Number of protein chains: 2
Amino acid sequence: MLEARVKQASVLKKLLDAIKELVTDGNLDCTDEGIALQAMDNSHVALVSLKLVAEQFESYRCDRNMPLGVNLTSLTKILKCAKDNDVVTLKAADDADALGMVFESPKEDRVGEYEMKLMDIDQEHLGIPDTQYDATITMSSAEFQRICRDLAALGESVKIEASKEGVRFSSEGEVGNGSVLLKQSAGTDRASGSKRVKQDPDDDDEEEEEKPDVDEEGEDEQDDEDRPKKRKSANGTSKAAPSDDEPGVTIILEKQVALTFSLKYLSNFAKSAPLAKAVSLNMSNDVPLLVQFDFEQGTLQFFLAPKVRDHGAGRSPPLPLTHLSDLR
Amino acid sequence: MLEARVKQASVLKKLLDAIKELVTDGNLDCTDEGIALQAMDNSHVALVSLKLVAEQFESYRCDRNMPLGVNLTSLTKILKCAKDNDVVTLKAADDADALGMVFESPKEDRVGEYEMKLMDIDQEHLGIPDTQYDATITMSSAEFQRICRDLAALGESVKIEASKEGVRFSSEGEVGNGSVLLKQSAGTDRASGSKRVKQDPDDDDEEEEEKPDVDEEGEDEQDDEDRPKKRKSANGTSKAAPSDDEPGVTIILEKQVALTFSLKYLSNFAKSAPLAKAVSLNMSNDVPLLVQFDFEQGTLQFFLAPKVRDHGAGRSPPLPLTHLSDLR
DNA sequence: GAATTTACAC
DNA sequence: GTGTAAATTC
């Protein structure tokens, strides 16, 4: 049996807003480690992977592994019945054909109890390889969303180029061309040589926590320019930039990378911005992009294969990620 | 002749927004006591009864009784020509075939004059019986609206169950089931035995006025729990809970009641929420529900017959209230 | 919260 | 085709 308690309904609402347009049905895989959802998007082009870790629930109990097949549209409808500050308890009996949800107002003077029918979903569970990425960009998720929205007005795809100085997003279309260059924030230049460039979802560090005085090695290249005094610890790929207010831009670069992606999908990924102040874009040539949002309760990852290099002039659809091997 | 002056056009606007979807035409019955409108909804399932009392107008004069047949859609259009803070004067000559409206800005630097054609409407005037209700729930009108909206996403009808501990709204549908339980606020437990459970539209008490130090009898059952310290005076059925900020939930119970109603209609009633912070739900078994909003200028009542008990599984339309006798 | 757009209903 | 209500966006 499952009983998981979440302090703020708003977290779940934001999660569903973030993925419901990409995925309509999926299994909530409940284990003693937490709740995970992994699914291809409806056109089998992108992969969504959500992890909510058990420790970050207000309380969590899951006696046995169970995949709960949910329709995300229905789940969204029911979550709309919760106010943002409500405490949410997810409940499922071992043999349940329904997911129970209890919404309690902070003052405990209102209790909503809802039950949603479950469905059987064949789960092609993809083990996601622990890729070493050539380039990892950490930036404000809001800024990422803005750039996607702006460039989507111009063209269908965006070229993302990561270099030592910064990252450039550019798009071409009928009305015109556009590009946005984000320069790396001061004091965060981590060029090649560092072997910390990896995407490791099992990393135990706290997310969204600033630890300003625990900067490790690698500070030698840093010089104090009169830039915004946001110093990012940038400890690993899967970790978003610290979030005092607005995260700066951090680039960890093994190798220069330039890849082109469908803006339709990136814009969809960017809808997760309310979940986390920072987003990381992880790229290697000819490997699917990983767009990752780390928030207090867990991690939300999106994978998208790059477009083939420039034949078809942006008209070619993104590569489908149908098989696990495609993720390599 | 009629000449009635209203300080705030917004009150009339909110009133029209509240009922225009239910009723398209009706008679404004003008007497020296005030202005009343009573009409069945367009499908003759619900009854709307509005009373604006003469004393609560800024000035009021009505020499002889006259029913002014108005099209509420047209009236809404004309009221949109008034700003919320405008002073509105309604004018009608004794033999008038038109209703005159004057909108004056608070600074008196703008005057709008409008005239709306009247129509002849056969008025089947229903004397509404002064029912004693088994259960009277007073609660935040906004919360009532929220619950109707939430449950309408799940099913077509809602079961309302009033008991001593609280009131439960529940609905069942394809996606799932849902229920909301509101607990009675602390210090307001008024169980059976009290003979103050009646719906009396001629009650002279002030509405929406807190009189905190004039609590009458009936406080004996009250114990001080460490709940929110809103103590409601709960003086009578037709009186909404006091409204410092958010009214708590008050239940006056003669007898436990459980009735099922069409959510489409209840959601429509709930549109009156902007008129009053509190709403009262008055129920007896097999008798139409009374949903009542008390505001400074008067009272707005909605009556709706309950659905027949559970054959047809929520598909049966609500009972029409075609005849007065049905209201008993 | 307001304004716009879209969808539905008359 | 018009007008209103709901959904979405700013």
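Bear in mind the structure is a predicted one, so any value in this text is a computation, not a measurement.
For B:Ser140, the side chain to side chain donor-acceptor pair (under 3.5 Å) partners at least two apart in sequence or on another chain are B:Glu246. Residues forming a salt bridge (Lys or Arg N to Asp or Glu O under 4.0 Å) with A:Lys13 (at least two apart in sequence, or on another chain): A:Asp84. B:Phe302 meets the ring-ring contact (aromatic ring centres under 6.0 Å, His included) test with B:Phe269; sequence neighbours excluded. The ring-ring contact (aromatic ring centres under 6.0 Å, His included) check on A:Tyr114 picks up A:Phe103, with sequence neighbours excluded. Under the salt bridge (Lys or Arg N to Asp or Glu O under 4.0 Å) criterion, A:Glu104 pairs with A:Arg5, sequence neighbours left out. Remark: B:Lys20 pairs with B:Asp17 by the salt bridge (Lys or Arg N to Asp or Glu O under 4.0 Å) rule, at least two apart or across chains. Judged as a salt bridge (Lys or Arg N to Asp or Glu O under 4.0 Å), and not counting sequence neighbours, A:Arg149 has no contacts.
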**Report entry** Per-nucleotide protein contact string for nucleotides 3-10 of chain D, where B marks a base within reach and S marks sugar-phosphate only (heavy atoms under 4.0 Å, - for neither)
**Finding:** -SSS----
Query raised in the report: Where along nucleotides 1-10 of chain C does protein come under 4.0 Å, by heavy atom, of base (B) or sugar-phosphate alone (S), with - for untouched nucleotides?
Result: ----------
